[in-house]
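Protein chains get the first letters and strands the later ones, always in sequence-line order, with residue 1 at the start of each. Computed from heavy atoms alone, side chains included, the values below leave out hydrogens, waters and symmetry copies.
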Amino acid sequence: MLLEMATSAFSDRVALRSGDDQWTYAELFAAAGSAAAEVSAAGTERLAVIDVSSPAVPVGLFASAWAGIPFVPLNYRLTEGELESLIQRITPAYLVTDTDRVATLSKLPNTTVASRRAFLEQAGSGTAPPPSWPMEPDAIALLLFTSGTTGAPKAAVLRHKHLISYILGSVEFGAAGEDDATLVSVPPYHVAGVAAILSSVYAGRRIVQLPNFSAEAWIDLARRERVTHAFVVPTMLARIVECLEGSDNLDLPCLRALAYGGGKMPLPVIERALKRLPGTSFTNAYGLTETSSTVSVLGPAEHRAALASDDETAKRRLASVGRPLPGVEVEIQDEAGRPLGPGERGEIHVRGEQVSGEYLGQGVTLGPDGWFATRDGGSMDAEGYLFVDGRIDDVIVRGGENISPGEIEEVLLEHEAVADCAVVGVPDEHWGEAVAAAIVLGKDRPASPEELRTWVKDRLRSSRTPERIEFSKGLPYSETGKLLRRKVRAQLRGDAS
Amino acid sequence: MDPRKPGTRLRSAVCDTEVMVIAAPAVAIELRCGGAPMIDIAESPPPGASCHPDAKGGTALGKRYVDEAGDLELLCTKPGEGSLTIAKTPLTVKGAKPLPSSD
């Protein structure tokens, strides 16, 4: 429906660019219709795409909605065994993948497998008559598998009503100008990758796809395609800024808006980005898969005000994820579910029409009043600005005291020698858990563990001072910018990893 | 046609307008477009019908229309020359909330 509206408003506008190929809104619409007919004819109940960010993703996304079946973007980096066990949970399924994998996947029962090229050629031929399409708000639009760091991956369920509510609540139809273009570099199995497609289509903005991220390729594509909007995860921004700082005459004159999210943004990175790109508006977006992407934003004006201000409260805002979107409520609750006041730390709860909180096979996990427990710890200031500490499951319990790693990491990152760091709990005979830190030093100057310990001790309580500090060349991150604490913990515990 | 279920799609009986119900009031309402009661999307409009002269304000694609109480909200998915009313009371366009792009 969103795509049909966009097509009727600007059918000849370019909707999608991927490499040298481009599709107008009318072409994308026709392709989705014909792919929907193909998928329906195959009698499958889900359409899965195992691919990098390619045209098969938007075509598959809209074709699924048209055919009335869920769209399932799967992580193309998973091993064969991991993929097989996920696919078993979604059959009978139509699978679209890159050519290398067609033969292996075809062996799985109850699947119809097409290569990306065959799928797009069929869709592009436009011969099949499109089926009439259902509009059932309660039907499942999207199944997204969580990364499964603590157990088997869960499939988060997003229904059409959640996605439509998110789009209507955050995007104005046709708001994009003729020349607007958005660069999508997050992988399609991440909720931000799907949200970017939906938002861009509804706004009428050209989507430019970057299949494999590197800072050089991102900057090059942004310049070549005159990209005006983009979304990146913190690790991507860090590399982009590094790359820009390495060259004085490299700029991004067309880039008006850069949004980021998906993980904690280190303060030094965003400060450097703001200085290096003075003409760009920065937005910090916080959200989860289960909440149909973004639930709160820190806007461009707040970013610039924080950078320019001497006032501590305004400056601190740069570490905040901003205020809730209209139509979304956010509350900090204690362990008993009681709402907490300004500045008090607890678990972040979210409520609103775009919030699903549902997993396949587990049902809806919302509380009796519709609140979704995010498992993120955080606090809110008196003006409603939200601060995210990190996953509650990552909290270090030292001698009965709950310690949030984010708080210590923030302080360590303020030290001029520290380029990146991760704080985790390691088993300790005396305290139950002890605070340990993995530190990546910058190129500018060295620092001793003792110096860093004193630095933390002077700024936080002594219980928060890392008992163990190890220096490391780099920290393990997932492709979507999430710090893999499990690996850091194993490393600091002395496990083989 | 009683537009009480979100997701319901309706068309005008007298012009090209099509809408989708985003939010609906609990009570039955007489939703009209171009002066005539709206019909289900699957129905065909009666031949030869035209807009009432008092209800020719037009609808715009992608705009959201609300009643005064804010109970009813419609998304225009196809524009037409008729205007949307509950009985004879016109619906108004919901103001855009400028938000920074977040994805």
Side-chain angles (χ1 to χ4, degrees), chain A residues 1-2 4-6 8-9 132 135-139 160-161 164-165 168-176 182 184 186 191-200 202-205 229 231 256-261 281-287 293-294 296-301 322 325-326 353, chain B residues 1-12 15-26 31 33 38-44 58-67 70-82 84 91-103:
Chain A
M1 180 199 76
L2 301 180
E4 187 191 27
M5 287 172 65
S8 63
S132 66
M135 183 60 222
E136 181 46 67
D138 287 322
H160 284 284
K161 61 180 178 187
I164 296 271
S165 157
L168 295 183
S170 63
V171 191
E172 183 67 13
F173 178 74
T182 192
V184 178
V186 283
V191 67
V194 175
I197 294 173
L198 295 175
S199 298
S200 301
Y202 199 62
R205 188 173 292 136
H229 294 67
F231 176 89
R256 292 204 306 269
L258 186 58
Y260 61 91
S281 297
F282 283 83
T283 299
N284 184 357
Y286 166 69
S293 188
T294 311
S296 82
V297 291
L298 184 75
L325 293 179
E353 283 181 15
Chain B
M1 188 66 208
D2 183 14
R4 268 188 285 181
K5 187 175 173 288
T8 304
R9 297 178 64 213
L10 305 168
R11 71 162 73 236
S12 167
C15 73
D16 293 333
T17 299
E18 290 179 11
V19 299
M20 186 177 75
V21 178
I22 304 294
L31 181 65
C33 182
M38 294 194 82
I39 57 177
D40 188 89
I41 194 87
E43 287 180 51
S44 317
T59 51
L61 181 66
K63 291 289 179 207
R64 288 186 280 166
Y65 293 85
V66 290
D67 65 350
D71 294 335
L72 176 71
E73 183 172 335
L74 306 172
L75 173 69
C76 174
T77 54
K78 197 175 171 192
E81 62 168 355
L84 294 162
L91 299 182
T92 53
V93 173
K94 190 175 176 177
K97 298 155 295 195
L99 273 179
S101 168
S102 61
D103 48 34

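In terms of non-hydrogen atom pairs under 4.5 Å with chain A, the most contact-rich of B:L61, B:T77, B:L75 is B:L61.
Of the two parts of A:T294, only the side chain, counted from C-beta on, holds a non-hydrogen atom closer than 4.5 Å to a non-hydrogen atom of chain B. For a residue to count as touching a neighbouring chain, one of its non-hydrogen atoms must lie under 4.5 Å from one of that chain's; by this rule A:S165 does not touch chain B. Within the 4.5 angstrom heavy-atom criterion, only side-chain atoms of A:Y202, from C-beta onward, approach chain B. Neither the backbone nor the side chain of B:I41 comes within less than 4.5 Å of any heavy atom in chain A.
Summarising the local packing, CD of B:E73 is surrounded by more than 12 heavy atoms from other residues, nucleotides or ligands at distances under 6.0 Å.
Between the NZ atom of B:K94 and the CD atom of A:E172 there is a distance of 10.5 Å, given to the nearest 0.5 Å. A:K161 NZ to B:I22 CD1: the interatomic distance, rounded to the nearest 0.5 Å, is 13.5 Å. Here the CE atom belonging to B:M20 is positioned 4.5 Å from the CD1 atom belonging to A:I164, to the nearest 0.5 angstrom.
Taking all atoms of both residues into account, the shortest heavy-atom contact from B:P6 to A:P137 is O-CG, 3.2 Å.
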